[in-house]
Every structure is written in structure tokens, then in C-alpha cells.
Amino acid sequence: MRRQGEPFSTIVTLITAALCTLLLAVFAGLLGYGETESIRDLFQEPEFRFALRLSLQTSVAATLLATVVAIPCGYFLARNHFPGKVVVDSLLELPIVLPPLVSGVALLIFFGPLLGPFLQEAGIAIVFTPLGVIVAQWFVALPLAIRSFRQAFAAVDPRMEKVARTLGCTPFQSFWRVVLPIARPGILGGMTMTWARTLGEFGATAMLAGVTRMKTETLPMAIYLSMTNGDLSFALAIATVLLLVALLVLTAFKVFMRTEVQL
Amino acid sequence: MRRQGEPFSTIVTLITAALCTLLLAVFAGLLGYGETESIRDLFQEPEFRFALRLSLQTSVAATLLATVVAIPCGYFLARNHFPGKVVVDSLLELPIVLPPLVSGVALLIFFGPLLGPFLQEAGIAIVFTPLGVIVAQWFVALPLAIRSFRQAFAAVDPRMEKVARTLGCTPFQSFWRVVLPIARPGILGGMTMTWARTLGEFGATAMLAGVTRMKTETLPMAIYLSMTNGDLSFALAIATVLLLVALLVLTAFKVFMRTEVQL
Amino acid sequence: MKRELLLDVQGLSLTAGAFSLQSLSFQVHRDDYLVIVGPTGSGKTLLLEALAGLVAVEAGRIFYQQQDITAAPPETRRFGFAYQDSLLYPHLTVRENILFGAAVQGRAKAPEIRRRLTELAEVLAIGPILNRHPERLSGGERQRVSLARALLLQPPLLLLDEPLSALDPQTRAGLQQLLRHIHRDEGVAVIHVTHDFAEAMHLGTNMLLLNEGRLWQSGTPQELFARPNSEYAARFLRVENIIPGSIRWQDDQRWFGTERSTRLFGPLPEQGASEWQVGAPSFLAIRASYIRLTREAQTESGPESESGPGPRSVSASVPALAEGQAKECGWPATVTEITFQGSYVEVTCHAGDCWLVHVPIAHWRSLHLQQGETVWLACQVSDLHVVPRAGQETSMDDGLD
Amino acid sequence: MKRELLLDVQGLSLTAGAFSLQSLSFQVHRDDYLVIVGPTGSGKTLLLEALAGLVAVEAGRIFYQQQDITAAPPETRRFGFAYQDSLLYPHLTVRENILFGAAVQGRAKAPEIRRRLTELAEVLAIGPILNRHPERLSGGERQRVSLARALLLQPPLLLLDEPLSALDPQTRAGLQQLLRHIHRDEGVAVIHVTHDFAEAMHLGTNMLLLNEGRLWQSGTPQELFARPNSEYAARFLRVENIIPGSIRWQDDQRWFGTERSTRLFGPLPEQGASEWQVGAPSFLAIRASYIRLTREAQTESGPESESGPGPRSVSASVPALAEGQAKECGWPATVTEITFQGSYVEVTCHAGDCWLVHVPIAHWRSLHLQQGETVWLACQVSDLHVVPRAGQETSMDDGLD
């Protein structure tokens with residue numbers, strides 16, 4: 001209950017309004033400062049086209065791979081309770097808390113000195129390759145996907161499945177015909193957020209795949225490279241594009257969830 | 001309900017177990033590959049000591065500043081419903097979806113060309129300074145703090161406050177004596193996760209404060225700098241330290257929340 | 001002795017989300033135990049919150065002891081309030097919860113507050129749990145602590161929002177006794193929202209029936225249950241027999257003729273006569289427990305209907321009802337269904353219309369009744385209660401000239 | 001005609017989380033409507049899930065039509081199941097929800113399934129809503145759709161877990177009729193968990209009382225309500241009068257002597273005699289509706305007690321109970337509290353012990369009773385029911401030689 005002019009409510013409202021204004025100003029500044037022409041030119045630029053294509057390819061691949069793994073894992077975690085589950089939880093959440101650079105270093109050690117020789121024999125190159133971009137993005141985004149899918153599955157009453165069983169479903173049928181369709185908005189929302197994370201990923205990718213122009217150059221890499229080279233307008237243009245993509249992602253997410261953001 | 005040997009459940013369990021093994025191997029690889037002596041030596045290294053001190057100072061400052069702003073904002077969002085709230089929500093969540101590099105570029109424009117002249121007059125330097133590190137970390141971590149505090153406040157039944165009002169509390173008293181104490185575990189958990197985010201922040205900091213050795217060199221910066229200079233063992237040692245900190249953070253968070261991770 | 005007027009609500013209106021109150025007016029005296037009933041969404045909780053000052057009023061006035069408190073914030077009104085969930089503060093012990101209101105004023109350690117706490121702990125039997133934390137209490141204990149918290153600073157008015165509905169029946173019965181006791185011995189006026197009619201009956205001295213934010217009927221609980229003022233009230237208060245028909249004029253008296261039989265019931269008592277228009281489509285509303293079921297008809301009187309085995313009204317010659325003037329009206333019916341319900345037997349009878357009768361167990365045993373048998377139903381003519389039919393149904397054929 | 005044995009449960013035991021079942025054995029015949037009651041946490045839902053195959057059994061066997069189905073997965077048992085929440089699939093229309101079981105088999109479009117859907121839609125009155133989505137249905141509609149979904153493939157056994165408890169009373173009454181109808185006309189055996197005793201009474205042909213995973217008592221609902229087999233059952237089934245005392249031997253017959261008076265009640269009927277040991281501390285358990293309240297004592301008989309106004313048993317000379325052999329036992333008491341309860345009046349009387357009596361409204365009106373007046377209570381000696389006192393209380397002083 002709030003009355004007009006009540007000091008506490010007024011202060012709380014004012015702080016929120018001030019913060020919103022600040023955020024609006026920061027983002028509007030980015031949009032306003034970049035020249036519109038440079039964005040139009042951008043799509044002619046071969047480096048941008050390479051980065052855009054690489055970013056889209058790797059982020060979509062990483063998101064799909066993460067989804068494939070996260071659906072069974074999320075379902076398992078949503079439905080099973082066992083002693084020591086908190087350890088499994090922590091392990092799967094560690095990459096969320098860990099700085100991406102550290103994840104990247106760990107991946108570099110794992111796929112380099114540790115697994116490298118075996119992979120080389122099999123003819124697979126991960127370190128400093130576009131494949132490494134996918135692996136790094138997948139590794140960093142996977143825990144987010146698992147967490148959001150898990151929430152989506154947990155929100156499906158287990159008795160929905162039990163009823164399906166009494167109606168003649170095998171466990172897989174009840175998952176496929178009941179749980180997955182009901183959890184669909186949450187899955188789509190989670191995939192959207194996962195994709196946004198892979199698209200913006202920098203730290204782990206930089207460590208595992210390296211920051212190599214026109215080779216492992218995703219859009220965030222392109223921003224970083226052009227900023228360090230002093231090409232501010234190119235960086236600004238890409239940043240503007242990514243800001244617009246983020247707005248789109250957020251809108252898509254809200255549409256999927258049709259509720260407040262849960263992730 | 002799961003029966004022994006039921007194929008669907010078995011597959012789901014196996015996938016989860018395989019993923020856990022992979023994560024364990026990756027992190028164990030990092031821990032095992034770094035030499036223990038190098039970590040002991042690390043604390044003698046002046047560059048590490050600088051980066052550690054700067055990281056701790058900036059991340060604590062950014063976390064406290066984020067908490068101060070996020071408590072009223074989170075409370076406001078948890079208790080108020082108004083037309084167009086979804087727009088405010090989206091604005092406050094945008095920095096979560098946005099690649100940190102883009103946030104950094106936006107901040108650079110905002111505090112450089114846009115506000116720079118005024119700040120210079122006031123004697124405040126943000127761009128390429130340690131103060132910029134705090135601002136970048138604060139900006140990136142704030143939406144996480146708001147979201148977790150908001151959840152914590154929303155979990156406090158509004159009628160708890162109503163009862164407090166009938167017992168003689170002003171709105172501020174009911175917030176201070178009822179809402180804040182009840183939401184305390186959520187607030188502490190949220191602060192922990194916010195701190196972890198500020199500690200690991202790289203992209204926005206790199207853009208706004210620059211990657212300058214011994215000036216704006218936080219721990220993630222130190223990893224990046226030493227990796228690009230080919231000093232793998234120094235990077236590994238820092239990464240190991242940050243991995244241990246992440247484990248600590250996750251444990252602290254679980255203790256605070258005493259439940260499953262909600263953030 | 002004049003009863004002290006505590007709360008005077010005049011034309012209260014407000015909207016909050018899906019709920020609204022529309023021009024509510026009523027009074028609460030110091031010795032009242034006002035029970036509020038109504039369907040989900042009728043605005044019962046909203047009304048309590050408006051009285052406590054927890055939601056802003058859009059129109060109308062609330063006077064408390066002649067003072068206009070319409071715009072006063074809740075912390076200055078200080079009415080006791082308890083919700084269905086006890087809403088104890090989980091970070092405080094039971095004692096700290098109860099002392100919360102005093103602590104806000106910095107008076108938690110004042111001697112009179114300590115005395116009051118001891119007194120309440122005794123009345124509410126919560127002495128042994130004062131140092132516990134709320135999560136370790138049972139539902140009944142929690143609700144008693146919630147009451148103690150609301151009562152500590154001796155509010156003149158206690159607002160209760162379904163305080164017992166989350167409890168099991170045994171605990172509920174105990175707390176009902178306690179509420180009665182608090183109302184009488186603490187001299188505190190109570191406004192109690194409930195959906196449990198037995199509870200309303202048991203506790204209330206007055207009752208309001210709300211529907212869609214409007215005051216539908218008020219009176220004593222007994223009045224409302226026996227004589228609802230509308231089809232809606234009759235159905236909501238679960239009057240078992242709501243028989244469509246209309247009022248007819250015969251032998252200088254009003255009678256009720258049902259749609260599905262040629263029988264006339266009456267003569268109708270005079271008290272409701274002004275509202276009961278002859279010819280208007282209406283319902284006869286009689287509770288199943290007001291109808292007596294016997295094997296044989298008793299002495300008849302009253303006018304014969306136009307056709308068939310007509311209306312009968314019976315002078316009270318039944319031994320059990322031999323108290324002077326109680327006039328009865330009886331009619332034959334066929335038993336179609338018998339359901340044993342624990343403390344009574346529900347008998348469904350057919351006589352053109354369908355009648356539900358509750359037969360007490362003791363009486364039932366002497367009847368040895370089977371489905372299909374013919375029995376005699378009777379009720380006191382003073383129990384014949386007629387309610388108008390709702391507007392949208394007046395287009396129905398009502399069989400009048 | 002021999003009744004067909006459908007389900008034979010032998011020594012069923014299992015633990016799941018905080019709930020457990022311990023060595024449960026019972027049978028269900030094809031014409032049974034088995035009602036299961038018990039406090040929260042007694043394992044009622046777990047039992048239903050175990051019968052459906054949704055949780056694994058640890059010990060014991062379940063036979064369905066002589067076949068051991070203990071280890072069979074639920075999709076091969078195909079018992080109908082409905083929970084308290086209707087749990088309709090939100091991504092399917094009402095029609096698709098009902099056809100779900102057939103769709104799994106790829107038979108959703110088979111002519112016999114279509115016929116069955118039409119039939120169910122008519123019986124359950126859901127024809128007009130078949131194309132709607134579940135979120136747009138009312139609670140009663142949802143529950144009817146949930147029943148239709150469970151019934152589509154004509155299961156021989158329907159398992160219902162408090163299917164009506166989330167509904168308002170009017171809707172609940174309608175669905176009770178429907179369940180009765182389905183049980184009779186579809187020829188489907190039903191196991192129905194409920195916490196509503198009126199519902200149990202209304203629907204059940206058999207009843208199980210569970211407590212802490214054990215079978216406490218079984219029989220018809222009427223048997224359980226009138227003759228609970230233990231103090232626990234009597235309290236759980238809310239027998240209003242549970243009077244402590246013990247059984248005494250006098251004049252070659254058993255009598256019940258209460259602790260707080262010198263009165264003897266009896267002679268006790270012979271049927272329970274084997275369990276009722278003379279001298280053992282026990283309780284007299286009589287429902288409030290089995291006691292008749294009158295102003296005057298009726299004819300007395302039976303032995304005088306050792307002291308004071310002793311026990312009396314009255315030959316049934318009361319007109320309303322004139323059916324031959326019913327023997328009565330009566331005693332005087334003082335009225336201490338009167339509560340109007342809608343269809344009856346609850347009168348609290350004191351006679352050493354405290355007695356609750358439910359007086360039917362019609363009878364009440366002829367009494368004109370006031371607090372403090374002396375009345376005469378009586379009950380049939382066949383209603384005098386004694387339950388043993390729980391073990392931990394045998395240390396109490398029971399006043400025996």
C-alpha cells in the first residue's frame with residue numbers, strides 16, 4: 001500500500017527512476033554517437049561480414065549443442081533428488097560463477113597439453129581454431145541452459161507425468177508428449193538467453209581460440225581488436241548492432257515466457 | 001517414478017554423469033597442471049599483489065555500490081505493478097543480455113566524449129583509471145543484484161508488511177524491521193553472486209578502464225596480459241586462485257540461501 | 001443502556017485489481033461480533049484492509065468513535081489484524097513476534113507490556129512456546145500467536161480474515177471458543193471474515209453477506225439463514241429447497257403456488273407480506289431441517305386448491321410441537337433417495353417439486369423408511385419464506401392469469 | 001451371485017520420503033466404492049499411487065483379477081487416476097486431453113473411441129467445452145474433464161485422490177452425484193481418498209481408516225462412524241462425546257461407569273462384549289446426534305447405582321421411538337451452553353461429565369430451553385459404544401477396585 005507523498009515510497013521510486021534514466025542515457029549515447037552511415041557501410045566491410053558469419057555460425061552451433069545436452073541434464077536435475085546432489089549442482093554451476101577467462105584457460109589446458117595429442121591423432125584441432133570458438137561458447141553457456149531448462153521442467157507438476165503413465169505412456173512418451181510441450185516456453189526462453197550468451201562471449205573464446213583477425217574473429221573479438229587498434233567507429237558500429245540484437249533477444253524472451261524474466 | 005533399468009531414465013542419468021565427468025576433468029586439469037610452487041611464489045610477485053589488491057578493492061566497492069542502488073530498485077520492482085513496467089524491466093535487464101564489451105563501449109562513450117568534459121571540470125577521471133574499473137564492474141553487476149534482490153523481496157509476503165503497519169509501523173519501519181530481515185539470506189546470496197561477477201569482469205572493464213599493466217590490472221586482466229605475453233604459468237596460477245575463489249563463492253551462496261540456487 | 005458506536009462506515013467504495021467495494025454502509029458497536037460472508041472475489045478481504053487503512057478509499061467515509069479516519073494511515077488506526085496465514089515474522093521468536101508492536105514504540109520492556117504479555121500467554125495457552133521460533137509451531141499455535149500479536153496493545157477492534165480456515169476441525173473448534181472468549185472478556189469488537197457457515201452461526205452476533213463488492217443482506221446469522229432476502233442469498237447460504245412458483249391470493253390470504261404442482265402452501269406469514277407481491281414469479285425457500293417427515297398425515301385445515309389433492313395447513317397438534325400457536329402446513333410426497341449423513345439422514349422426496357428433508361437420526365430409526373414409500377412432509381407456516389426471482393428470469397412462464 | 005474380486009492387496013509396504021505404508025491388506029470387489037480417510041501424512045495418496053504402479057512396492061503383493069501385478073509398470077495397469085488438481089494438459093484442448101490415452105495408442109480417431117467420447121461428454125455435460133483450452137474452464141468443469149480423461153479407455157478401477165476437495169460446495173454436490181452415477185452405471189470400481197466425512201458417508205460402500213501408513217479400521221462408513229474401534233478412530237471421526245471411565249459388572253450385565261460421575265450407563269449391548277474387558281480403562285463414545293434431549297425424564301428401569309441419582313435405562317415409551325424393542329438409557333443434566341448451528345442446535349450439558357447434544361431445529365422450537373435449566377438426556381442402549389483407552393494413558397487413575 002502506497003500513499004501519495006509518503007517519503008519512503010517516494011525515495012524508492014526516485015532512485016529507480018534515476019537509475020533507469022542513467023541506463024537510458026548510456027545506451028542512447030551509444031546509439032546516438034555511432035554514425036548511421038558507418039552502420040550501413042559496415043555490411044560491405046569484409047572483416048565485419050566474416051565476423052558476423054562466424055559469430056552466427058558458432059553461436060547457433062554452440063546453442064544447439066548446449067540445448068541437446070541441457071535438456072536431459074535439466075530434466076534429470078529437476079526430477080531426481082539424491083544425497084550429494086548439492087555437489088553435482090555446484091559442479092554444474094561453477095562455470096557461471098567462474099570468470100570466463102578462467103574457464104578459457106582451463107579449456108586451453110584440457111584441449112591443449114592434456115587431450116591435444118589424442119585429438120591431433122584423430123585429426124581434430126580445437127585450440128586456436130573456429131571449432132575452439134564453438135567449444136568455448138558451449139562450455140560457458142551450457143550451465144545457463146541447464147539452469148533455465150531445469151526451472152522449466154521443475155515447473156511441470158510431476159503428477160502430470162504420473163497421469164500420463166496411467167493413461168498408457170512409457171516414461172519417454174510422457175516426457176515427449178507432456179513434459180516437453182508444457183515446458184516449451186521455458187525451453188525457448190532459455191535457448192534465447194543461451195544464444196545471447198554465446199553471441200557475446202569473449203573471455204573463454206579469447207583464451208581457447210585466440211584473438212586472430214579473420215580466423216577466430218567473432219563480433220566481440222572484432223570490437224576488441226578495433227578498439228585496441230584505435231578504430232573507434234568500427235567498434236561503435238558493431239557495438240550498436242549487438243545492442244540492437246540484445247534488445248531483440250530480450251523481447252523474444254519476454255514473448256516466449258509471457259511472464260516476468262525468470263532466468 | 002523411476003524403475004531400475006528403464007531405458008529413458010538410464011540415458012538421462014548417463015548424459016548427466018558424462019557431463020559432470022567432463023567438467024570435473026576440465027577443472028581438475030587446471031588444478032593439476034599448475035605447479036603448486038608457482039602459486040606459493042605468486043604471492044611474492046608485485047604484479048600479482050597489485051592485481052589482487054586492485055581486484056579486491058574495486059570489486060568490494062562495486063558490490064557495495066550495486067547493493068545500495070539495487071535494494072531500493074529491487075524493492076520497488078517487487079512491490080509495484082504499473083502499466084509499462086515491462087519496459088522498465090527490460091531496460092534494467094538489458095546489461096545482462098548485452099555482451100560486456102558492448103556495455104564497456106557504451107560506458108566509454110558516455111564517460112568519454114559525452115560526460116568527459118564536465119567530469120574533467122569536476123576533477124573526476126573515469127576513463128582509463130581505477131575508478132573506471134569500479135564503474136564498469138558496478139554497471140555490469142548491478143542488474144544481477146537488482147534481479148536477485150527483487151526475487152528476495154518478492155518472496156516476502158506483502159501481508160507481512162501490512163500486519164506490521166497495523167502494529168504501528170511506518171512504511172520505512174515495516175521495510176527495515178520486517179522485509180529486510182526476512183529477505184536477508186537472499187540479499188546476502190545476491191551480494192555474493194554480484195561480487196563474483198565483479199571479480200571476474202573483463203570486457204566492460206577492458207573497454208572503459210583499459211588493459212594497462214600495474215594501473216588498471218585486475219586479476220582477469222592479469223590473466224589476459226600474461227597469456228598474450230606467453231607467460232602461461234603466471235596465468236595458470238592466477239586462474240587457479242580464481243577457481244578456488246569461485247568454489248568458495250558458490251559454497252557461501254549455498255550456505256546463505258540454504259536452498260537450491262535461485263539466482 | 002445505549003450501545004457504543006465504534007465504527008461507522010458510510011458509502012465506502014474502492015477498486016483494487018480485480019476486486020472492488022461499492023458504496024458499502026454499516027455500523028459496528030463495541031459489543032458486536034460482526035461476521036462477513038460472501039463468495040470468493042466478493043471483496044471481503046479488501047473491506048478488512050480498507051477498514052485497517054491498508055488500501056486507500058476512493059469514495060465514502062469511515063468514522064471511528066465519531067472521528068473521520070478515512071485518510072488515516074494504518075499505523076495511527078491500530079486495529080488488530082490477523083490473516084488466514086498467521087504471517088508470523090520468521091526472524092523473531094514467538095515472544096518477539098508478540099511484542100513487535102510494543103518494540104516499534106520502544107515499549108517492549110515496559111512493565112504494563114510485560115503484564116499484558118503474561119496475561120495473553122495464559123489466555124491463549126502459549127506460555128510454553130514463547131521462546132520458540134515460528135517455524136517450529138503447529139498451525140493452531142501459530143494462529144494463537146498471531147492473535148496475541150494483534151491483541152497485545154489492546155486494540156478496540158479486531159479484524160480477522162478467515163483466521164481459522166487453514167486449521168483442522170478440532171483445532172478450529174478450540175480457537176472458536178477462544179475468539180468468543182476474547183470478544184466477551186476483552187471487550188473487543190470483532191469483524192470476522194469467514195466462508196464457514198457453522199463458524200458464522202457459532203460466533204456472529206451480526207452478519208453481512210457481500211457479493212461483488214455490494215452489501216447483499218445484513219442481520220443476525222439466524223435471520224440470514226432462515227430468511228435470506230433474495231434468490232442469490234438463499235442459494236449462497238445453501239437453503240436446500242428453493243422451489244419456483246408464485247404468490248397467489250385466496251381466502252383473503254397469501255399462499256405460495258409452485259410451478260410443478262397444483263399445491264398451495266400457506267397461509268404465508270404477514271411479516272414479509274409487503275415485499276411479496278401477488279403474482280410475481282418467486283421462490284419458496286425452506287431449509288431441509290425445517291421440514292418434518294412423518295409416515296402419516298396430521299389433521300388438515302386451510303383451503304382446497306383448484307384441483308387435485310390440494311394445499312393443507314395443519315393446526316399444531318403434533319406432541320413435539322404442542323407449544324400453542326405454531327401452525328403447520330403439510331403435504332404428501334414420495335421418497336426417491338435416502339442418504340445417511342452421519343448426524344442426520346438426507347431424504348429426497350418428490351411431490352411435483354423435489355424436496356430435501358433432513359431427518360434426525362433418532363427420529364429416523366423409528367421410521368424404517370424405504371425408497372418409493374409415501375410420507376407426509378410438514379413445516380411451520382412461519383417458516384414459509386418467499387424470495388423474489390432474479391430479474392433475468394422473469395421472462396419464464398410463471399403460470400399466472 | 002458371487003461378487004467379483006477385482007483387487008487383492010496383501011501386506012503392501014513401502015516408504016517414499018516422509019510417507020510410508022506398512023503391511024496393508026484389503027480387497028476391492030467390482031461393485032465396491034471404497035472410501036479412504038485418514039489424517040494428513042497417513043499415506044493415502046501414496047497408497048493410490050502404489051496401486052496405480054506409480055511408486056515401487058517394497059514388500060507385499062498386489063493381485064488384479066488373480067494376476068500378480070506388483071511389478072507391472074503403470075502403463076500396463078491402466079487404472080483411471082484423478083488428482084485433487086485436475087492436472088489437465090495446458091497445451092491440449094479439452095477434447096485432446098480426453099483423447100490423450102487413445103492418442104498414445106494411435107487410436108484417437110477410431111470409431112469406438114469417438115462414440116465413447118460422445119457418450120462421456122453427455123454423461124459429464126462437457127459437450128459444449130470440448131474445443132476450449134483448460135485455462136478457460138471453471139474448477140468443476142476441469143474436474144469433470146479430468147474424470148472423462150481417466151474414464152475414456154474404460155478402466156475397471158478408478159483411483160481418485162481427493163477429487164472434489166478444491167471445489168465449492170454446490171459444485172461438489174453435483175460431482176458427488178456424478179461419481180455415484182459413474183460407479184453404478186459404468187460398473188467401475190472406485191477407490192476414493194477424501195477428507196470430507198459427509199462425502200465418505202454419501203459415496204462409500206466401504207471405508208478404510210489409515211493412520212501413519214497402517215490400516216486402522218475398515219467397514220462400511222456407517223459402521224465406522226457409529227462404532228469406531230479405538231480412541232484414535234473416535235477422535236479422528238469426530239465422535240463428539242468421548243467420556244473416560246471403565247466397564248463394570250452388575251446384575252449379570254456390563255455397565256459403563258464414568259470417571260467424573262457415579263452414574264452407570266447400560267446395560268451395554270452384547271455384540272462388542274468380547275473386546276470390552278470389565279475394569280479396563282476405556283471411553284464411552286457416542287455421537288451428539290444419537291442423544292435425545294427432553295424436558296422430562298421418561299419411565300425408568302435398570303439397577304440403581306451405589307450412590308446418588310443412579311443409572312437408569314428407559315424402555316422405549318417415547319411416541320417417536322415407539323418401534324418395539326429399542327431400549328433406552330437416560331440421565332439428567334444441566335444445560336451450560338447453547339449454540340445455534342443452522343440445521344441443529346448444539347447444547348452442551350453437564351452431568352459430572354460434559355455432554356454435547358445435537359437437537360434438531362423442529363424439536364428445539366418446542367423446548368424453549370435456557371442456560372442453567374435441567375434436562376433429561378437419553379440414548380438407545382445399542383448406541384452405547386465403548387473404545388479401549390490408548391496404551392500410554394493406562395497409568396491414569398481410573399477409580400476401580
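Chain naming here is simple, since letters A, B, ... match the order of the sequence lines and numbering starts at 1 in each.
For a residue to count as touching a neighbouring chain, one of its non-hydrogen atoms must lie under 4.5 Å from one of that chain's; by this rule D/F100 touches chain A with the side chain only. Using a 4.5 Å cut-off between heavy atoms, D/L159 does not touch chain A at all. The part of D/E49 that comes within reach of chain A is its side chain, from C-beta onward, which places non-hydrogen atoms under 4.5 angstrom from that chain. Contact of D/A103 with chain A is made through backbone and side chain together, with heavy-atom distances under 4.5 Å.
Aromatic ring centroids of D/F81 and D/F79 lie 6.0 Å or more apart. Aromatic pair A/F153/A/F175: centroids less than 6.0 angstrom apart.
Only one option out of D/D161, D/T45, D/D85 pairs with A/R159 in a side-chain hydrogen bond (donor to acceptor under 3.5 Å, both in side chains); it is D/D85.
Residues D/D196 and D/T194 have side chains that never bring a donor and an acceptor to within less than 3.5 angstrom of each other.
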